[in-house]
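Numbering starts at 1 and runs along the sequence shown.
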Amino acid sequence: MSLGNLLQSGDWKGEKHVPAILSVDSVKLGESVEVKVHIGEEIPHPNTFEHYISWIKVFYQPKDHKFPIEIGSYNFSAHGESDIFTEPLVVTSFKPSKCGKIYALSYCNIHGLWEDSKDLVVEA
């Protein structure tokens, strides 16, 4: 079995585990694009000692590029220590040189790996 068979996806508006990718649909060449990834954008994900999001990774795959490029990796470590719980939300930015696709992966300690993607147009 490949790792791809373990990835789960869905509409983040109806599933609390899907990483919601919130960004513009297009950006001018040379400009930064801000990307927000949130688990539980519409339906809050429980962040408890027993059930939490461990990490989120963000990738960008430029058109005609063989592999995605990792933009960032974000670990969430506060799962109830001293009653502090990390909120699974990241904001990052990057300057794409060509059109492509933004990918986000997340890991829930109970429900496994989740993915989402969004196309990005880079205008000359």
Side-chain angles (χ1 to χ4, degrees):
M1 177 183 291
S2 73
L3 184 60
N5 294 333
L6 301 176
L7 292 173
Q8 302 175 75
S9 63
D11 182 356
W12 55 264
K13 293 178 182 175
E15 169 54 59
K16 64 186 169 201
H17 292 93
V18 177
I21 301 170
L22 308 170
S23 72
V24 295
D25 295 327
S26 64
V27 65
K28 293 193 183 298
L29 182 63
E31 292 183 357
S32 291
V33 59
E34 183 177 276
V35 178
K36 176 180 171 184
V37 179
H38 188 206
I39 311 303
E41 177 70 16
E42 290 287 323
I43 302 171
H45 185 278
N47 294 311
T48 67
F49 185 73
E50 298 83 17
H51 186 189
Y52 54 85
I53 299 298
S54 293
W55 51 258
I56 294 173
K57 292 183 180 285
V58 180
F59 299 87
Y60 186 67
Q61 186 167 11
K63 185 178 178 186
D64 301 325
H65 198 273
K66 187 173 181 179
F67 302 110
I69 299 160
E70 185 174 329
I71 301 299
S73 182
Y74 311 92
N75 295 310
F76 305 106
S77 302
H79 306 301
E81 183 177 337
S82 294
D83 296 326
I84 296 173
F85 295 90
T86 308
E87 195 62 32
L89 166 76
V90 298
V91 179
T92 189
S93 64
F94 69 102
K95 288 184 182 179
S97 60
K98 59 170 72 171
C99 298
K101 190 173 289 249
I102 301 167
Y103 291 95
L105 295 176
S106 64
Y107 181 75
C108 173
N109 72 311
I110 294 177
H111 298 104
L113 292 166
W114 292 81
E115 69 173 341
D116 196 15
S117 64
K118 179 178 181 173
D119 291 325
L120 179 67
V121 174
V122 177
E123 301 169 349

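When atom types are taken as modelled, the side chain of Asp116 and the backbone of Ala104 share no donor-acceptor pair closer than 3.5 angstrom.
Here the shortest heavy-atom pairing between Leu29 and Pro96 reads CD1-O, 4.1 Å.
Residue Glu81 qualifies as open at atom CD: its count of foreign heavy atoms under 6.0 Å is 12 or below.
Both Leu105 and Leu113 belong to a common hydrophobic cluster when Ile, Leu, Val, Met, Phe, Trp and Tyr are linked at side-chain heavy-atom distances under 4.5 angstrom. Put simply, Ile69 and Val58 are part of two different groups of oily side chains (I, L, V, M, F, W, Y) that touch within less than 4.5 Å, one to the next.
Ring planes of His45 and His17: perpendicular class, angle over 60° (limits at 30 and 60°).
A distance of 10.0 Å separates CD1 in Ile21 from CG in Asp119, rounded to the nearest 0.5 Å. To the nearest 0.5 Å, the span separating CZ on Phe59 from NZ on Lys101 amounts to 15.0 Å. Here the NE2 atom belonging to His79 is positioned 6.0 Å from the OG1 atom belonging to Thr86, to the nearest 0.5 angstrom. Note: Ile53 CD1 to Ile110 CD1 = 10.0 Å, rounded to the nearest 0.5 Å. Separation of atoms NZ (Lys118) and CG (Asp25) is listed at 4.5 Å; rounding is to 0.5 Å. Ser93 contributes atom OG, which lies 6.5 Å from atom CD of Glu34 (distance to the nearest 0.5 angstrom).
Partners of Tyr60 according to the ring pair (Phe, Tyr, Trp, His ring centres under 6.0 Å) rule, which considers only residues two or more places apart in sequence or in another chain, are Phe94.
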